[in-house]
Every structure is written in C-alpha cells, then in structure tokens.
Amino acid sequence: MKKHSARVAPLSACNSPVLTLTRVEGNSCIRSDCENGKVGTRLPCGTSAVRSTSNSWILGGAELDDHSPSPAPTEAQIQAAIEANGPCHQCFVKYSVTQIKKCSWGIAIILCVCSSWSGSTQLAKSTLSRFDAPFTLTWFSTNWNFFFFPIYYVGYILKSNEKQSPKQKYQECCRFFGDNGLTLKAFLTKAAPFGVLWTLTNYLYLHAIKKISTTDVSALFCCNKAFVFLLSWIILRDKFMGVRIVAAIFAIAGIVMITYADGFHSHSVIGIALVVGSASMSALYKVLFKLILGGASFGEAALFLSVLAIFNVLFITCIPIILYFTKVEYWSTFEKIPWCSLCGFSVLQLTFNILVNFGIAITYPTLISCGIVLSVPVNAVVDHYSSEIVFNSVRVIALAIIGLGFFLLLLPEDWDVWIIKLLTRLKVRKKEESSEGNNSTVVQFRLYRTRPSFTH
C-alpha cells in the first residue's frame, strides 16, 4: 500500500469531484479465514484487498489482477465447484454476488449524484439571479453540514449490531483529532484551516456561476482532480505517472480553449479565473487533509464535516453581517430572501456530499466519479434551452478534452501492465483457437481419406 494517495480527503469538501478516501469499515480480505474454510470473507482466496493508492480504481466491477477474465459459470458449474472445493469457493461466489449488487447500486448512485450535482449548480444560478449574495449563500449552505454526524449515527444505529450511545460514538470518532480528542487546540489547528478552505472554495465557485455558464463552471471544476494529482506529486511525493501528466495538460488546454471560445472578454476571464481558483482551493484542501490528518472512517468524516459547520457558525458568521452593512451583499428586507431556493440548494448540496462520502459503502468510487462527469452534459442541455450560451466547435472540443483528462486520471497505476497482459492473453487464446481449428480440419481430412468407397 502506498503511503500517500491522490484521493486525500472527504469528497464533500466543497463539492469536489475527486473521489473520497473515506475508509470502508470492515471491508478487508483476510486470506487466513478463507484458507481455514470460513465463509463470508470479503474477497476470495488469492484476491488482494482493494488498495488505497492513488487512483487504484476497480474497473468493470472487479479488481484487476494477474488472472485473465473467464466467462460467468452456470449454476450447475457453481454447485459442482462448491462441492469440489468447499467453503473457499462459496467465498468467491459470495464476492461475485456482492460485485453485482455494488454495480446495481452504482447505477442508482450515478443518477443521484448527477442529479444532485447538476441540480445544485442550476439552482445556485437561479438563486443568485434573485439574491445577489454568494458569500451569504455559502455561509448558509455550509451550516447544513452539521447534520452529517446525526445522519451517520442514525445509519449506524439501524445497521450495526453493537449499539453505542451518541456520546460514546462521538468520543470514539473524536480520536481522529488526536489522543486528547477534539480540544480547543485541535479545533483551531486541525479544523479551522479546512473550514477556511471550504468557505473559499464554495464562495469562488458560486461567484463564478454569476459570471459564466453552469456548463463551463462544472466542466472547469473537474480540473480539480488534475490539480490534486499535481499537488500530491509535489507535496506528498506521490508516484509519478505520465498518463496523469497528460491529463493535467488536457485540463490546462481545456481551460485555455474555453477562455478562447468566449473571446477573452474580461467578464469571462474573471469567471474562469474564479472557478479555477475554486478548484485549486479544493485540491489544496484535499492534499493538506492527507498530509495533516491522513484518512478517515465514515464516522470520523461525518464528525469532521459537522465540526466545519460549527467553525462556520462561530467564526464566519461575522463576514456576511459585515458585507450586509457595507452593502456589498445587500437585500432590502428579509421577506424578499428566496428561502425556498436557499434551502433547496443547501439540501441538494448536502445530499451530494452524503452520496459521495458514504456512497462507497455500497458501490465503487469510479461509478460515483462517472455521475459527477455526467453532470456536465446535463448542465449543457439545460443551458442550451435556458440561456444564450453558444456551443461552438472550440467550446465542445474544450469540454471533451477536460472530460478525457478526467477519465485518464481514473486509470489505475498499473493500467499499462494490465493492458499488455490482456492483449497477451487474447493473443494466446487466438493462437489456441487457431490451432484447435487446424487440428479439427486435419482430423476431418483424415476421416475423409479413410472412408470406404463404393464402385458401381
């Protein structure tokens, strides 16, 4: 297992499309259990546990290993194998069923993530057109993070066999901040900096929505993943990969092309600079999270995000008040505030954050990432019918390049080795089929020569 990873923090950090590093509790493979015949282990014998290295994703519903893929066995073959091999094969069959369930859940997660991500972006655009206060909207939506830990605890009570009181669970999760728990020093040194980065990222993102289209904003923010890789490579000494450098180049090229598509107007350049700054702040959040705090379990991530909401209330509340009285973000009466839109945006944002942080418990991270990328074409369709955005060839190519770079960053570290092995397997199989076909032809020819002939 690598020491550092590009997936470095809870994904909910400022709606980042970079996959979370929240640890799946209890999701490990113990080979000795399988060898001893214990049924119910997570992975079959000879299969390694899911790695937490940089982008060590699972492709096609199964982790890539040294074995070539085989066709799905029939029920009779499965039963015969179980009788021949015993409980160890039952473990393999159970894991295959788990894969199918994860893929099925993944389809639902993709739709939910795509809907909540694109919906929150579109609703933010609509809200800011009537309520020109992006920082106040950021402050208001961040306060909803307080519900993370209560929601996690409810799920824990419903699912876990061991019941702990809220106080006991809180004390257990507080160890994430250090041996002494969540002290004032830990709050100021380990939570406050991330609260500032969270606020900056969301504020810059919402401010960019005022300047440019939601399609450009959502696509440019996908460059966040490239920035995470670059910072992880520099700060965390993460493994260098040429394909990820190419992906980072694609991201930068896409940014330049989108700017060119708008004609380098000052209004567009400012909006693009804002969303790039937002992506950079989010990437910095994740890298510092990995550097300072490391990984986090579900409960620890939920508590951490709830603590960010507390920091937001205690230390950030004064800023919207100052902006109001200085009339930088001013509204005439509180009755004119679109409370339904504000609450709707906050609920969608909270839903998105819950899905991407806790969704890996029921599906694969790659599928969650696909849901985020699919929000770009969804926003493009909405913008096409609701705004005057022009999808010229330069803009379309730029969006495609950014999307391609994003998917390149999803490749596992050993993707080239796996492709070479796959091509070698296919080549060997083709030769075997060709050899079998030639042998069959020779046998048929010999039978024809030895067949008795009848003369009339």
**Study point:** Backbone N/O of Ser126 and side chain of Ser129: donor-acceptor pair under 3.5 Å
**Key:** yes
Revision key, fill the gap. Interatomic distance, CZ@Phe140 vs CG@Asn143, rounded to 0.5 Å, equals 7.5 Å
**Study point:** Lys163, NZ atom: more than 12 neighbouring heavy atoms under 6.0 Å
**Key:** yes
**Study point:** For Phe194, the option from Phe177, Tyr285, Phe187 that meets ring pair (Phe, Tyr, Trp, His ring centres under 6.0 Å)
**Key:** Tyr285
**Study point:** Side chains of Gln349 and Ser120, donor plus acceptor under 3.5 Å
**Key:** no
Review point. With a 4.5 Å limit on heavy-atom distance, are the side chains of Ser232 and Lys290 in contact?
Key: no
Practice item. Would you kindly say whether Thr317 and Trp139 are connected by a side-chain donor-acceptor distance under 3.5 Å? Key: yes
**Study point:** Whether Phe149 and Tyr152 hold their rings parallel, tilted or perpendicular, with breakpoints at 30° and 60°
**Key:** tilted
Review point. Side-chain contact, heavy-atom cut-off 4.5 Å: Pro134 with Glu329?
Key: yes
Check your understanding: At what distance, to the nearest 0.5 angstrom, does CG of Leu123 lie from OG1 of Thr214?
Key -> 11.5 Å
Study note, to complete from the structure: In Ile292, Val287, Leu293, the residue satisfying side-chain contact (heavy atoms from CB on, under 4.5 Å) with Phe289 is Leu293
Check your understanding: With sequence neighbours excluded, what pairs up with Phe227 under the side chain to side chain contact (heavy atoms under 4.5 Å, CB included) test?
Key -> Cys223, Ile255, Val276, Ala279, Ser280, Ala283
Review point. Between the side chain of Lys125 and the main-chain N/O of Ile209, is any donor-acceptor distance below 3.5 Å?
Key: yes
**Study point:** Close side-chain approach of Phe176 to Leu303, heavy-atom, < 4.5 Å
**Key:** no
**Study point:** CA sep, side-chain torsions, deciding dist, call: Arg395, Asp216, side chain to side chain contact (heavy atoms under 4.5 Å, CB included)
**Key:** CA-CA 9 Å; Arg395 188 185 299 276; Asp216 292 345; 2.4 Å; yes
Point to revise | Nearest-0.5 Å distance that lies between atom CG in Asn145 and atom CG in Asn312 | key: 8.0 Å
Check your understanding: If every non-hydrogen atom of Gly295 is compared with every non-hydrogen atom of Glu300, which pair is closest and at what distance?
Key -> O-OE1, 4.3 Å
**Study point:** Heavy-atom closest pair, residues Ala296 and Ala301
**Key:** CB-N, 4.1 Å
Point to revise | Least distance between heavy atoms, Val228 atom then Lys286 atom | key: CG2-CD, 3.9 Å
Point to revise | Spacing of OG1 belonging to Thr142 relative to CG belonging to Leu305, to within rounding of 0.5 Å | key: 10.5 Å
Check your understanding: Any donor and acceptor pair, going by atom type alone, linking the side chain of Ser141 with main-chain N or O of Leu137 inside 3.5 Å?
Key -> yes
Review point. Are any non-hydrogen side-chain atoms of Thr199 and Thr138 less than 4.5 angstrom apart?
Key: yes
Check your understanding: Which atom names give the shortest non-hydrogen contact between Ile110 and Cys370, and what distance separates them?
Key -> CD1-CB, 4.3 Å
Review point. In terms of ring plane angle, is the pair Tyr156 and Tyr153 parallel, tilted or perpendicular, where the classes change at 30° and 60°?
Key: tilted
Exercise for review: With rounding to the nearest 0.5 Å, note down the distance linking OG in Ser118 to CG in Asp383.
Suggested key: 10.5 Å
Exercise for review: Evaluate side chain to side chain contact (heavy atoms under 4.5 Å, CB included) for Ile372 paired with Phe352, printing each intermediate quantity in order.
Suggested key: CA-CA 10 Å; Ile372 298 167; Phe352 173 82; 4.0 Å; yes
Point to revise | Pairwise side-chain contact, Leu230 with Ile245, heavy-atom cut-off 4.5 Å (strictly under) | key: yes
Check your understanding: Taking all non-hydrogen atoms of both residues, which atom of Val376 and which atom of Cys222 are closest, and how far apart?
Key -> CG2-SG, 4.3 Å
**Study point:** Close side-chain approach of Met257 and Ile402, heavy atoms under 4.5 Å
**Key:** no
Check your understanding: Does the side chain of Cys114 come within less than 4.5 Å of Val378's, by heavy atoms?
Key -> yes
Check your understanding: If you count the non-hydrogen atoms of other residues, nucleotides and ligands that lie under 6.0 Å from CH2 in Trp105, is the total more than 12?
Key -> no
Check your understanding: Is the shortest heavy-atom distance from the side chain of Phe345 to the side chain of Leu206 under 4.5 Å?
Key -> yes
**Study point:** Full working for side chain to side chain contact (heavy atoms under 4.5 Å, CB included) between Ile212 and Leu220
**Key:** CA-CA 11 Å; Ile212 57 179; Leu220 289 171; 4.3 Å; yes
Point to revise | Stepwise side chain to side chain contact (heavy atoms under 4.5 Å, CB included) test for Phe146 and Val313 | key: CA-CA 10 Å; Phe146 181 79; Val313 172; over 6 Å; no
**Study point:** Over all atoms of both residues, closest heavy-atom pair of Ala398 and Gly254
**Key:** CB-O, 3.8 Å
**Study point:** Check: Trp117 ring centroid to Tyr205 ring centroid under 6.0 Å
**Key:** yes
Practice item. Supply the atom-to-atom distance Leu236 CG to Leu288 CG, rounded to the nearest 0.5 angstrom. Key: 8.5 Å
